[in-house]
Amino acid sequence: MDERPISPALKLLAGLMFVFLLAPLLVVVPISFSGDAYMAFPPSSWSVKWYGAIFADAKMTAAFSISLLLALVVTLLSLLLGLPAAYALVRLKPPGAEAIGSLFTAPLLLPTIVLGLAILLVFAPLGLLGTFQGLVIAHLIVTLPYAVRVLSTALATLPIPVEEAASTLGAPPLTVFFRVTLPMMRSGMISTAALCFLVSFDEVVLSLFMTGPRISTLPVAMYHHVEQQADPMVAALSVLLVVLTLVVVVVVDRTAGLAKTFVK
């Protein structure tokens with residue numbers, strides 16, 4: 001492979017892009033440590049009281065618990081449903097596999113607000129609005145295409161001769177899958193789990209259509225809080241969410257490596 005050195009101009013452009021993407025943190029982080037009763041930059045005083053206010057707010061802690069549980073359930077279901085679908089599309093290759101694969105990814109082509117309205121119209125007669133089950137199904141509509149896509153790519157890059165060798169030695173198909181194929185897909189499984197978790201936990205548009213007085217996710221609770229108040233608590237929450245994302249990235253890096261997981 002021809003590895004050419006990166007030009008200084010390209011390095012400078014990449015650096016400017018990183019600065020542009022991270023620039024909001026230069027405002028959000030100081031505001032989260034503000035001692036003022038309203039958002040102001042730069043803060044006139046410094047305090048960590050807004051971090052304590054998060055844990056003292058029953059609505060925010062309840063919404064966080066729901067979002068965390070929801071993201072974990074959606075991630076697990078995305079893996080359980082996406083893995084067989086990806087295996088069937090890549091290994092079994094049924095008639096119309098390309099069309100079926102396009103059908104799986106179709107929800108990603110629609111604007112989220114259009115998808116949310118469609119889900120609202122379908123779920124309302126079924127009594128799924130404002131329920132945890134309805135939120136799980138709505139989030140699955142978004143995360144499952146990612147799961148099928150990533151897992152299909154992971155399966156397509158595996159060395160088929162290794163599986164064929166196991167079959168030749170007398171291993172039944174299920175044994176080949178669980179003892180050969182699945183271990184080789186470790187990086188793809190981890191990347192799928194991380195992606196589905198973050199997409200579900202951060203989803204706000206679909207959740208706005210699905211939540212109600214009985215149940216609310218953290219992004220929706222933050223949205224309503226900003227509508228009613230302009231204090232720095234949302235900035236503190238945003239910093240904590242950034243930290244949560246970094247934790248997920250670090251876990252992925254320690255378990256599988258970012259290069260192996262996301263770079264194919």
Side-chain angles (χ1 to χ4, degrees), residues 11-72 74-75 108 111-113 115-116 135 138-139 142-143 146 190-191 193-211 215-254 258 261-262:
K11 290 181 180 180
L12 178 61
L13 179 61
L16 292 176
M17 290 180 63
F18 275 114
V19 171
F20 175 76
L21 292 173
L22 297 177
L25 289 178
L26 301 179
V27 177
V28 174
V29 173
I31 290 179
S32 70
F33 291 99
S34 172
D36 302 330
Y38 53 89
M39 288 190 185
F41 184 83
S44 60
S45 60
W46 302 96
S47 174
V48 295
K49 66 178 184 179
W50 295 113
Y51 287 92
I54 296 173
F55 299 99
D57 192 320
K59 290 184 179 179
M60 288 297 177
T61 53
F64 173 80
S65 300
I66 292 171
S67 288
L68 182 60
L69 178 61
L70 176 64
L72 291 174
V74 169
T75 299
L108 300 180
T112 312
I113 191 168
L115 185 61
L135 278 170
H139 282 212
V142 177
T143 60
Y146 287 111
I190 293 175
S191 63
L195 183 60
C196 291
F197 178 86
L198 293 175
V199 168
S200 176
F201 192 90
D202 194 49
E203 178 57 50
V204 60
V205 179
L206 290 183
S207 299
L208 279 170
F209 283 98
M210 294 299 302
T211 54
I215 187 171
S216 178
T217 62
L218 184 60
V220 173
M222 293 173 64
Y223 177 81
H224 290 313
H225 185 84
V226 171
E227 283 186 324
Q228 300 170 2
Q229 302 179 50
D231 56 49
M233 187 171 73
V234 172
L237 263 170
S238 301
V239 173
L240 293 180
L241 292 180
V242 171
V243 172
L244 175 63
T245 304
L246 290 176
V247 169
V248 173
V249 172
V250 170
V251 170
V252 172
D253 184 46
R254 296 298 182 183
L258 290 177
T261 304
F262 291 104

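Since the structure is predicted, the reported quantities are computational estimates derived from the model, not experimental observations.
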| query | Got more than 12 heavy atoms from elsewhere within 6.0 Å of CD1, I113? | reply | no

| query | Which heavy-atom pair separates T211 from S216 by the least distance, and what is that distance? | reply | CG2-CA, 3.9 Å

| task | Write down the atom of V220, the atom of V204, and the distance for their closest heavy-atom approach. | result | CG2-O, 4.1 Å

| task | Locate the shortest heavy-atom distance separating L237 from M60; write the atom from each residue and the value. | result | CD1-SD, 3.6 Å

| request: Nearest 0.5 Å please: distance from the CD1 atom of I54 over to the CG atom of L240. | output: 4.5 Å

| query | D57 and H225: side-chain hydrogen bond (donor to acceptor under 3.5 Å, both in side chains), yes or no, with the steps? | reply | CA-CA 11 Å; D57 192 320; H225 185 84; 4.9 Å; no

| OG1-CG distance between T217 and L206, expressed to the nearest 0.5 angstrom | 10.0 Å

Distance-only criterion, 3.5 Å: show the donor-acceptor pairs between side-chain atoms of residues 17-35 and protein atoms not counting sequence neighbours.
from : atom 1 : to  : atom 2 : distance (Å)
S32  : OG     : V29 : O      : 2.6
S32  : OG     : Y51 : OH     : 2.8
S34  : OG     : D36 : N      : 3.0
S34  : OG     : D36 : OD2    : 3.4

| request: Could you pull out the closest heavy-atom pair between D231 and A37, with the gap in Å? | output: CB-O, 3.7 Å

| task | Output, in order, the C-alpha distance, side-chain angles, deciding distance and verdict of side-chain contact (heavy atoms from CB on, under 4.5 Å) for L70 and S200. | result | CA-CA 7 Å; L70 176 64; S200 176; 4.1 Å; yes

| query | Partners of S207 by side chain to side chain donor-acceptor pair (under 3.5 Å), sequence neighbours excluded? | reply | H139

| Does CZ belonging to F209 count more than 12 external heavy atoms closer than 6.0 Å? | yes

| request: Using the side-chain contact (heavy atoms from CB on, under 4.5 Å) rule, take L208 and H224 through it: C-alpha gap first, then chi angles, then the decisive distance, then the call. | output: CA-CA 10 Å; L208 279 170; H224 290 313; 4.3 Å; yes

| request: Please round to the nearest 0.5 Å and tell me the distance separating atom CZ of F197 and atom CG of L244. | output: 5.5 Å

| message | Looking at V205, is its backbone amide N or carbonyl O close enough to the side chain of E203 to form a donor-acceptor pair, meaning the two atoms are under 3.5 Å apart? | response | yes

| Once you round to the nearest 0.5 Å, how far does OG1 of T61 lie from CD1 of I66? | 9.5 Å

| request: Can you see which heavy atom on L68 is nearest to which on F201, and at what distance? | output: N-CE1, 3.8 Å

| request: Might you point out which heavy atoms bring S67 and L218 nearest each other, and give the distance in Å? | output: OG-N, 2.7 Å

